[in-house]
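First up is the structure itself, then whatever we jot down about it.
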Amino acid sequence: MERENIAKRAVGLIDLTNLNGDCSRGDIEALCARAQTPFGNTAAVCIWPHFVAQAKQLLAETSIVTATVVNFPHGGIDIKAVMRETKTAVGDGADEIDLVMPYGAFKSGERAHAADMISTIRAVTHGQAKLKVILETGELAEPDLIYAASMLALEEGADFIKTSTGKVAVNATLESAKIMLGAIKEFGDLSKGFKPAGGIKTVEDCGAYLSLADGILGETWAKPSTFRFGASGVLDDVLAALKQETQPISAPEGY
């Protein structure tokens with residue numbers, strides 16, 4: 001795929017993200033404005049829970065949804081605390097909840113605890129918000145663990161499975177994406193979605209993930225309801241590619 005074609009596909013698939021520790025209300029205002037591009041809106045903004053109400057107000061007249069994170073970034077094991085956090089976020093208007101699975105517990109063999117966390121948050125979000133489950137694939141590392149975590153999340157009601165928080169050494173990779181997309185295919189419900197996050201910086205990065213999804217789940221599968229890029233910086237390169245396409249072509253000298 002050429003840069004321009006990839007960029008056209010990618011712009012509406014981006015969860016434009018600011019999860020910086022020093023994020024301010026002014027940063028949220030800038031993020032929400034940036035998500036409304038001349039070439040179409042991004043799919044969502046993804047922000048800290050305490051900014052949800054502000055973002056909802058800023059985006060009220062747009063198609064952009066508000067996503068937030070819970071149990072983030074460390075994937076703790078306190079289900080009740082995460083349940084309260086999620087209820088508050090949903091009450092503030094969050095359209096999507098990105099839940100960090102207790103991946104440490106899962107990795108150490110406590111898979112029932114991870115299942116309980118996901119099913120509990122699914123119950124809180126049911127009918128109110130989309131649930132994306134972050135597996136933290138760079139920490140799980142082993143292909144069989146990534147596959148097992150993917151299937152567990154899908155079985156417990158995740159709408160999306162997401163690679164990473166973006167806060168660890170290894171985030172989204174094509175290798176983990178292949179496993180997760182394969183899990184969705186095997187699960188057999190193509191309404192389930194996939195979100196690579198962390199380290200996606202260029203149009204070419206987007207193209208690699210889209211090509212992988214096209215090959216595994218079909219060329220019509222990747223759309224905002226099933227595919228997102230979790231990124232803060234890739235929009236710049238996407239817009240650069242789209243602006244380049246709209247530039248008039250100068251005639252060669254002598255014409």
Side-chain donor-acceptor pairs under 3.5 Å in residues 79-91, sequence neighbours left out?
| residue | atom | partner | partner atom | Å |
| --- | --- | --- | --- | --- |
| Glu85 | OE1 | Asn71 | N | 3.0 |
| Thr86 | OG1 | Val82 | O | 2.8 |
| Thr88 | OG1 | Arg84 | O | 3.1 |

Anything under 3.5 Å between a donor and an acceptor, one on a side chain of residues 186-198, the other on a protein residue two or more places apart or in another chain? List them.
| residue | atom | partner | partner atom | Å |
| --- | --- | --- | --- | --- |
| Glu186 | OE1 | Tyr147 | OH | 3.0 |
| Glu186 | OE2 | Tyr147 | OH | 2.9 |
| Asp189 | OD1 | Ser191 | N | 3.0 |
| Asp189 | OD1 | Ser191 | OG | 2.6 |
| Asp189 | OD2 | Ser191 | OG | 3.4 |
| Lys192 | NZ | Ala158 | O | 2.9 |
| Lys195 | NZ | Asp15 | OD2 | 2.8 |
| Lys195 | NZ | Asp98 | OD2 | 2.9 |

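Residues Arg3 and Glu204 meet the side-chain proximity criterion, which asks for heavy atoms closer than 4.5 Å. Thr62 has its side chain within reach of Gln36: a pair of non-hydrogen atoms, C-beta onward, lies under 4.5 Å apart. Using a 4.5 Å heavy-atom cutoff, the side chains of Asp205 and Val234 are not in contact. Contact annotation: the side chain of Leu99 approaches that of Met117 to within less than 4.5 Å [non-hydrogen atoms, C-beta and beyond]. Using a 4.5 Å heavy-atom threshold, the side chains of His50 and Thr68 count as separate.
Listed by chain and number, the residues in a ring pair (Phe, Tyr, Trp, His ring centres under 6.0 Å) with Phe106 amount to none (sequence neighbours excluded).
Judged purely by atom type and a 3.5 angstrom limit, Gln54 has no side-chain atom pairing as donor or acceptor with the backbone of Ile28. Put simply, the side chain of Asn18 gets close to the backbone of Asn20: a donor and an acceptor are under 3.5 Å apart. Looking only at distances, no side-chain donor or acceptor of Asn171 sits under 3.5 Å from a matching main-chain atom of Ser164. Within the 3.5 Å criterion, the main-chain N or O of Thr137 finds no donor-acceptor partner in the side chain of Ser176.
The cluster map of Ile, Leu, Val, Met, Phe, Trp and Tyr, joined by side-chain heavy atoms under 4.5 Å apart, puts Ile134 and Val65 in different clusters. Residue Phe160 is not grouped with residue Leu131 when hydrophobic side chains (ILVMFWY) are merged at heavy-atom distances under 4.5 angstrom, including chains of intermediate members. Taking hydrophobic clusters as Ile, Leu, Val, Met, Phe, Trp and Tyr residues chained together by side-chain heavy-atom distances below 4.5 Å, Val133 does not share a cluster with Val168. Hydrophobic clustering places Leu217 together with Leu212 (ILVMFWY residues linked when any side-chain heavy atoms are closer than 4.5 Å, directly or through intermediates). Val124 and Ile77 are assigned to two separate hydrophobic clusters, defined by single-linkage of ILVMFWY side chains at heavy-atom distances under 4.5 Å.
For the pair Ala55 and Ile47, the tightest heavy-atom approach, listed with the atom from each and the gap, is CB-CD1, 3.4 Å. What you find for Glu4 and Ala241 is that their closest heavy atoms are CG-O, 3.8 Å. Of all non-hydrogen atoms in Val100 and Gly75, the two that sit nearest each other are CG1-CA, 3.5 Å.
Taking CG of Leu152 as the start and CG of Leu145 as the end, the distance is 11.5 Å to the nearest 0.5 Å. Annotation: the span from Arg9 atom CZ to Phe227 atom CZ amounts to 8.0 Å, rounded to 0.5 Å. Interatomic distance, OG1 of Thr163 versus CD1 of Ile179, reported as 12.0 Å (0.5 Å rounding). Atom NZ in Lys56 sits 10.5 Å away from atom CG in Asp92 (nearest 0.5 Å). If you take CD1 on Ile64 and CG on Leu58, they are separated by 10.5 Å, rounding to the nearest 0.5 Å. Here the straight-line distance linking atom CG of Leu210 with atom CH2 of Trp221 works out to 9.5 Å at 0.5 Å rounding.
Checking Thr165 against Glu136 by side-chain atom types alone, a donor-acceptor pair falls below 3.5 Å. Side-chain contact, Thr37 with Arg34: no donor N or O sits under 3.5 Å from an acceptor N or O. Side chains of Thr202 and Asp237: no donor on one and acceptor on the other come within 3.5 Å. Side-chain polar atoms of Ser211 and Asp214 form no donor-acceptor pair below 3.5 angstrom.
For CD of Gln57, the number of neighbouring non-hydrogen atoms (other residues, nucleotides, ligands) closer than 6.0 Å is 12 at most. Atom NE2 of His74 has 12 or fewer heavy atoms from other residues, nucleotides or ligands within 6.0 Å. In this structure, Lys201 places its NZ atom where only 12 or fewer heavy-atom neighbours from other residues, nucleotides or ligands lie under 6.0 Å away.
At a threshold of 4.0 Å, the pair Glu96-Arg228 counts as salt-bridged, since one of the basic side-chain nitrogens sits closer than that to a carboxylate oxygen. Salt bridge status for Lys107 with Glu142: absent, with no side-chain N to carboxylate O gap under 4.0 Å.
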Subject >> Residues Cys46, Val69; criterion side-chain contact (heavy atoms from CB on, under 4.5 Å); working and verdict >> reply: CA-CA 8 Å; Cys46 187; Val69 291; 4.1 Å; yes
Original post:
Can you list the steps and then say if Tyr103 with Leu135 is a side-chain contact (heavy atoms from CB on, under 4.5 Å)?
Top reply: CA-CA 6 Å; Tyr103 59 86; Leu135 309 183; over 6 Å; no
Original post:
What do the steps show when you test Thr17 against Val45 for side-chain contact (heavy atoms from CB on, under 4.5 Å), and what is the final call?
Top reply: CA-CA 6 Å; Thr17 301; Val45 297; over 6 Å; no
**OP:** With side-chain contact (heavy atoms from CB on, under 4.5 Å) as the test, would you mind laying out the steps for Lys130 and Thr125 before giving the verdict?
**Re:** CA-CA 7 Å; Lys130 191 181 294 287; Thr125 59; over 6 Å; no
